[in-house]
Asker: 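One structure coming up, written as structure tokens, with questions to follow.
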Amino acid sequence: MSAPRLRFAPSPTGYLHVGGARTALFNWLYAKKTGGTFLLRIEDTDRARSTDESTQAIFEGLTWLGLTWDEDVVFQGANVERHRNDAYRLLETGAAYRDFTTAAELDRMRQEAESRGGQFRFDRPMAELPPGEMALRLERGDPHTIRFQVPPGATEWTDMVHDTISFPNKDIDDFIILRSDGTPIYNHAVVSDDIAMGITVVRWGDDHISNTPKQILLYEALGAALPTFAHLPMIHGMDGKKLSKRHGATAVGDYQHLGILPQAMNNFLALLGWSPGGDREVMTRDEMVELFSSDGMLKKAAVFDNKKLEWMNGQHMAHGPIEALELYLRPFLIAAGLATEATLAARREWWLGLLELLRLRARTVNELVEQCRPYFLDEVAYDPDAAAKQWKDRAATAELLRTLRDRLAEVAWDATAMEDALRQLAEARGVGVGKLFQPMRVALTGVAATPGIFDVLLAIGRERSLARLDAAATHLAE
RNA sequence: GGCGGUAUCGUCUAGGGGACUAGGACACAGCCCUCUCAAGGCUGGAACACGGGUUCGAAUCCCGUUACCGCUACCA
């Protein structure tokens, strides 16, 4: 058996949705796992709704996630000629027929059926014309659609996640494959393209289950080999309803800007509807490829939980390779005006050390950047809450900070020396070290939550630390 | 309405006839660690939708019911 070929085929009618991203991910994972090929096809046949911005957003989203495609992007709109030819081929073999019923007539019949409380079914004999009439209308150039003639029997397939799914053909209406303006309908365009692209495995959302029998019928009528199908469960919001804008961020780009790591996003998305079995959760992408198997696919829709995504992100930030994190973080740091490529390169060792301290206590890249602030910038913004809590008595705190400054100015700038000095001071004053450390922490960083105080002092540096203690004392004395 | 799909803690899930007193993770609560915040460790509450079968034995297999979702377009 030759290597599988898979595709992700979004329509460019909006941003790249997390549901789409997950579909892409599972196609990608499957391709990587089996040594197959992963392709991208943009389904832009709906001209009215398709936009170039959406196409760009899809490219950017997939690239950010690292789900790169192996061959040139296919634009469905470029293949309309083939779609049309395939439709005419079906017409010739008798698998399809011309239907001169107009859209208006169809509408009317549908409404009538509904008002009678029944449901509309397309009636094949209704479209049949008396002898000679067909030729006349064709001659006249009357607009008409091409409809697929659904054969009797049943259509079933072995789904990679659902096992056998079967539809009685009588429940499938003869469906249009070519509109009266000569453009193809979705199902037909997809099948024509999938055949042309040599797609052997179709994995997409559950919402396509009722499209699949129609597509199988088309494959058979076109004389093409069937791909294997896999229908992935949907993703819902916390209210159990289909994920939509109401639920807040749903675009992949949103999460990128919220400071989620692509690796964490992939990991989180993979666990929605798939499990490697056992208790395994945090995985690198290589590990996911290694562990991936269609056997682990679930059939149930999953709910997107932002809290767990953030946790997952924290795990990847804290435990992933620090070089990769640093590389990813750099543009954010620069954009925030904290540093430049040059300043980071000049103090690389210091910077990596600081990152090692801070990455454990942030859940998003954006949080991490904020935490970096006091170590990069000269001026410190005192957090009002922290100041109110740690600097209750202004005069006493000012005195304390000056004392601390003077004491620190006398000792060697290493953790042991500083700790000895400060513990002695605390003892002399008959207070716990926290009474000294907390006000100082706010003076140095502006906030009440940081790494250990000696790490902070070391990271900020001698001159700057002493200056900050002075500045805070002055600020408090005013 | 018809057709199809699905059902384990609030959420993500493990489990696929006996190992189940149903395991892990997120979230929540408490404790420990501790100079703060995290991280980490420990503890707690929390689920097999319901009803019938099959079987010595069912979360697991079968049927039905219910609920939810999808499709039912000259949308994709």
Side-chain angles (χ1 to χ4, degrees), chain A residues 9-13 43-46 48-50 76 99 101-103 106-107 110 114 117-121 143-147 159 162 165-168 170-173 175-181 183-187 189-190 205-214 231 233-234 236 238 240-242 268 271-282 296 298-312 314-315 318-319 358-363 371 386 389-390 419 422-423 426 432-438 440-442 445 447-454 456:
Chain A
S11 46
T13 53
E43 310 218 314
D44 54 351
T45 47
D46 186 346
R49 289 197 295 157
S50 300
Q76 190 161 61
D99 174 22
T101 319
T102 64
L106 247 19
D107 266 356
R110 222 184 303 275
E114 268 165 33
Q119 89 258 23
F120 175 75
R121 293 293 313 263
H144 59 275
T145 60
I146 294 182
R147 269 186 200 271
D159 196 276
H162 292 271
I165 301 182
S166 169
F167 285 79
K170 67 173 173 55
D171 291 327
I172 308 172
D173 270 355
F175 52 94
I176 293 173
I177 55 177
L178 208 63
R179 297 188 187 93
S180 51
D181 66 359
T183 57
I185 285 289
Y186 177 71
N187 280 311
V190 167
D206 254 357
D207 49 342
H208 285 290
I209 285 181
S210 36
N211 279 325
T212 298
K214 296 180 185 175
H231 288 90
M234 302 272 90
H236 289 166
M238 283 305 267
K241 297 227 160 65
K242 196 171 172 170
F268 176 73
L271 259 18
L272 254 32
W274 174 72
S275 163
D279 298 335
R280 199 69 189 277
E281 290 208 302
V282 180
L298 258 48
K299 304 171 185 176
K300 185 180 74 158
V303 173
F304 193 98
D305 183 355
N306 281 297
K307 284 271 180 43
K308 187 144 187 177
L309 170 60
E310 282 194 10
W311 169 79
M312 181 69 78
Q315 291 292 312
H319 305 303
L358 295 180
R359 68 170 176 159
L360 217 55
R361 35 185 47 83
R363 289 204 146 191
Q371 297 198 23
K389 197 165 172 214
Q390 301 301 337
E419 181 159 10
L422 295 191
R423 285 199 187 274
V433 287
K435 287 279 189 226
L436 267 47
F437 293 173
Q438 277 308 91
M440 181 160 62
R441 196 185 300 277
V442 176
T445 66
V447 297
T450 71
I453 195 73
F454 302 107
V456 170

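Keep in mind the model is a prediction, meaning the values are calculated, not measured. FYI, side chains are in, hydrogens and waters are out, and symmetry mates aren't considered; it's all heavy atoms of this structure. Here is how names work: the chains are called A, B, and so on, in the same order as the sequence lines, proteins then strands, and each is numbered from 1.
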Asker: What's A/H162 touching, base or sugar-phosphate or nothing? Going by heavy atoms closer than 4.0 Å.
Answerer: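 Answer is sugar-phosphate: A/H162 comes under 4.0 Å of backbone atoms only.
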Asker: How is A/A302 classified with respect to the nucleic acid when contacts are heavy atoms under 4.0 Å: base, sugar-phosphate, or nothing?
Answerer: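 Result for A/A302 = sugar-phosphate.
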Asker: Does a side-chain N or O of A/H208 approach OP1 or OP2 of B/G70 to a distance below 4.0 Å, or not?
Answerer: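 False: A/H208 side-chain N/O out of range (4.0 Å or more) of B/G70 OP1/OP2.
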Asker: Run the side-chain hydrogen bond (donor to acceptor under 3.5 Å, both in side chains) test against A/D46 and tell me which residues pass, sequence neighbours left out.
Answerer: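 Per chain and number, A/D46 pairs via side-chain hydrogen bond (donor to acceptor under 3.5 Å, both in side chains) with A/R49.
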Asker: Any base atoms under 4.0 Å from A/I185, or only sugar-phosphate, or nothing? Heavy atoms, all strands.
Answerer: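 Sugar-phosphate contact only.
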Asker: Roughly how far apart are A/N211 CG and A/N187 CG, rounded to 0.5 Å?
Answerer: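 Reported to 0.5 Å precision, the distance equals 4.0 Å.
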Asker: Which part of the nucleic acid does A/T102 contact within heavy-atom distance under 4.0 Å: base, sugar-phosphate only, or nothing?
Answerer: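 Counting heavy atoms under 4.0 Å across all strands, the contact made by A/T102 includes a base.
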Asker: Check the phosphate of B/A14 against A/S275, side-chain N and O only, distance under 4.0 Å to OP1 or OP2. Yes or no?
Answerer: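 Yes.
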Asker: Considering only side-chain heavy atoms of A/I176, which listed nucleotide, B/C35, B/C74, B/A38, is closest?
Answerer: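 The closest nucleotide is B/C74.
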Asker: Picking from B/A76, B/U13, B/A73, which would you name as closest to the side chain of A/L298?
Answerer: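 Per side-chain heavy atoms of A/L298, the pick is B/U13.
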Asker: Check nucleotides 63-65 of chain B against the protein and report each pair of N or O atoms closer than 3.5 Å, with its distance, or say if there are none.
Answerer:
none

Asker: Between B/A39, B/C37, B/C12, which one does the side chain of A/L360 approach most closely?
Answerer: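 Ranking B/A39, B/C37, B/C12 by closest atom to the A/L360 side chain puts B/A39 first.
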Asker: What residues form a side-chain hydrogen bond (donor to acceptor under 3.5 Å, both in side chains) with A/R361, not counting sequence neighbours?
Answerer: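 Residues passing side-chain hydrogen bond (donor to acceptor under 3.5 Å, both in side chains) with A/R361: none at all.
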Asker: What is the distance, rounded to the nearest whole Å, between atom CZ of A/R121 and atom P of B/A73?
Answerer: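 Going from A/R121 (CZ) to B/A73 (P), I get 10 Å.
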Asker: Got a sec, which residues hit side-chain hydrogen bond (donor to acceptor under 3.5 Å, both in side chains) with A/D206, two or more places apart in sequence or on another chain?
Answerer: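 Partners of A/D206 under the side-chain hydrogen bond (donor to acceptor under 3.5 Å, both in side chains) test: A/H162.
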Asker: With heavy atoms under 4.0 Å as the rule, sort A/N211 into base, sugar-phosphate or nothing.
Answerer: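 Contact class for A/N211: base.
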Asker: Of the candidate nucleotides B/C69, B/U6, B/C74, which contains the atom at the shortest distance from the side chain of A/H236?
Answerer: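 Ranking B/C69, B/U6, B/C74 by closest atom to the A/H236 side chain puts B/C69 first.
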Asker: Give the nucleotide from the list B/C26, B/A76, B/G23 with an atom nearest to the side chain of A/E43.
Answerer: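 Within the option list, the nearest is B/A76.
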Asker: Looking at every strand, decide which applies to A/R359 at a 4.0 Å heavy-atom threshold: base, sugar-phosphate, or nothing.
Answerer: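 Result for A/R359 = nothing.
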Asker: Of all the nucleotides listed (B/G2, B/C35, B/C74), which has the minimum atom distance to the side chain of A/F454?
Answerer: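 Side chain of A/F454 sits closest to B/C35.
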Asker: Just to verify, what does A/F167 make a ring-ring contact (aromatic ring centres under 6.0 Å, His included) with, not counting sequence neighbours?
Answerer: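 None.
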Asker: Base, sugar-phosphate or nothing for A/P10? Non-hydrogen atoms, less than 4.0 Å.
Answerer: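 No contact.
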Asker: Heavy atoms from C-beta onward define the side chain here; which of B/A76, B/U11, B/C37 lies closest to that of A/Q76?
Answerer: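 Nucleotide nearest to A/Q76's side chain: B/A76.
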Asker: If you look at every strand shown and take non-hydrogen atoms under 4.0 Å, does A/L271 touch a base, only sugar-phosphate, or nothing?
Answerer: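 Answer is sugar-phosphate: A/L271 comes under 4.0 Å of backbone atoms only.
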Asker: Given B/G5, B/U6, B/U36, identify the nucleotide with an atom nearest to the side chain of A/K299.
Answerer: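 Among B/G5, B/U6, B/U36, the one nearest the side chain of A/K299 is B/U6.
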Asker: Would you tell me if any nitrogen or oxygen in the side chain of A/K300 comes within less than 4.0 Å of OP1 or OP2 on B/U8?
Answerer: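 For A/K300, the contact criterion (side-chain N or O under 4.0 Å from OP1 or OP2 of B/U8) is met.
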Asker: Under the side-chain hydrogen bond (donor to acceptor under 3.5 Å, both in side chains) test, which residues partner A/R147, sequence neighbours left out?
Answerer: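 Partners of A/R147 by the side-chain hydrogen bond (donor to acceptor under 3.5 Å, both in side chains) criterion, ordered by chain and then number, come out as A/D99.
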Asker: Does some side-chain heavy atom of A/D181 sit less than 4.5 Å from a side-chain heavy atom of A/P143?
Answerer: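 Not in contact.
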Asker: Between A/Q315 and B/A38, does any side-chain N or O lie under 4.0 Å from OP1 or OP2?
Answerer: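 Answer no for this pair, as no side-chain N or O of A/Q315 is under 4.0 Å from OP1 or OP2.
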Asker: Compare the minimum distances between each of B/C74, B/C37, B/A76 and the side chain of A/R361, then state the nucleotide with the smallest one.
Answerer: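 Nucleotide nearest to A/R361's side chain: B/C37.
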Asker: Heavy atoms, side chains only, cut-off 4.5 Å: are A/F454 and A/F437 in contact?
Answerer: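 A side-chain contact under 4.5 Å exists here.
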Asker: Any chance you could lay out the side-chain contact (heavy atoms from CB on, under 4.5 Å) test for A/Q371 and A/V447, step after step, and finish with the verdict?
Answerer: CA-CA 9 Å; A/Q371 297 198 23; A/V447 297; over 6 Å; no
Asker: A/S11 near the nucleic acid: base, sugar-phosphate alone, or nothing, with a heavy-atom cut-off under 4.0 Å?
Answerer: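 If one applies the 4.0 Å heavy-atom cut-off, A/S11 turns out to touch the sugar-phosphate alone, with no base involved.
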Asker: Among B/C12, B/A76, B/A25, which nucleotide sits nearest the side chain of A/D46?
Answerer: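 The answer is B/A76.
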Asker: Using a 4.0 Å heavy-atom cut-off across all strands, classify A/R280 as base, sugar-phosphate, or nothing.
Answerer: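 Since no nucleic acid heavy atom lies under 4.0 Å of A/R280, the category is nothing.
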Asker: Assign A/Y186 to base, sugar-phosphate, or nothing according to its heavy-atom contacts below 4.0 angstrom with the strands shown.
Answerer: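 If one applies the 4.0 Å heavy-atom cut-off, A/Y186 turns out to touch a base.
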Asker: Do any side-chain nitrogens or oxygens of A/R363 fall under 4.0 Å of OP1 or OP2 in B/C26?
Answerer: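 No, because none of the side-chain N or O atoms of A/R363 sits under 4.0 Å from OP1 or OP2 of B/C26.
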